[in-house]
Amino acid sequence: MQNTKCGFNYSILALLLFVLAFIVQFLVSNFDLEFLSIAVSITALISFLLAIVGGIYLIIGLREESSKEQIIGFIISSIFLMIIVYFIILLCKDV
């Protein structure tokens, strides 16, 4: 149960950081501040990395008993994985 709980916590933290980055980007979009743009990008990157780590812990926790935390964590991590793959495909198309 320890790996499932850890993976769930990482997934929730990743979701909160991503929402925070989105809100800050939306609020400062009218200003041309390079520092805030870099800070938002770093926050989003950390969010994606935490989602990947959370997904790894959840995969390790598959041997444990299924729970609501495990299912919610898998859903959040899967959504982040799909977003990452989508952005990678878009970057590859631009090159």
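Just so it is clear, the values below take in all heavy atoms, side chains as well, and ignore hydrogens, waters and symmetry mates. None of the values given here were measured: they were computed from a predicted structure.
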Return yes when atom CZ of F8 has more than 12 non-hydrogen atoms of other residues, nucleotides or ligands closer than 6.0 Å, and no otherwise.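 Count over threshold, so yes.
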
State, with a plain yes or no, whether a side-chain heavy atom of [X] is found less than 4.5 Å away from one of [Y].
| X | Y | result |
| --- | --- | --- |
| I89 | Y86 | no |
| I52 | I84 | yes |
| L58 | N3 | no |
| F74 | L62 | yes |

Are [X] and [Y] connected in the hydrophobic side-chain network, where two residues link if heavy atoms are under 4.5 Å apart?
| X | Y | result |
| --- | --- | --- |
| F22 | M82 | no |
| I72 | L16 | yes |
| I60 | I75 | yes |
| L50 | I59 | no |

Evaluate the criterion side chain to side chain contact (heavy atoms under 4.5 Å, CB included) for residue pair F48 and I83; output intermediate values, then yes/no. CA-CA 9 Å; F48 287 129; I83 291 171; 3.7 Å; yes

Please list all pairs passing the side-chain hydrogen bond (donor to acceptor under 3.5 Å, both in side chains) test where one or both residues lie in residues 54-69, with sequence neighbours left out.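 Of all non-adjacent pairs touching residues 54-69, those that pass side-chain hydrogen bond (donor to acceptor under 3.5 Å, both in side chains) are T4-E64, K5-E69.
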
Mind jotting down which residue pairs meet the side-chain hydrogen bond (donor to acceptor under 3.5 Å, both in side chains) criterion with at least one end in residues 71-85? Sequence neighbours excluded, please.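 Passing the test, one end in residues 71-85: S11-S77.
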
Which heavy atom in A14 sits nearest to a heavy atom in F80, and how many Å separate them?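 Result for this residue pair: O-CZ, 3.7 Å.
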
Do you know the tightest heavy-atom contact between Y10 and G54?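 The answer is CB-CA, 3.6 Å.
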
Spatial distance of atom [atom1] ([X]) from atom [atom2] ([Y]) [nearest 0.5 Å]:
| X | Y | atom1 | atom2 | answer |
| --- | --- | --- | --- | --- |
| S47 | L20 | OG | CG | 9.5 Å |
| I46 | L13 | CD1 | CG | 9.5 Å |
| F18 | I76 | CZ | CD1 | 12.5 Å |

List, by chain and number, the other hydrophobic cluster members for L49, where Ile, Leu, Val, Met, Phe, Trp and Tyr join if side-chain heavy atoms come within less than 4.5 Å, directly or indirectly.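 Once heavy-atom contacts under 4.5 Å are chained together, L49 belongs with L45.
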
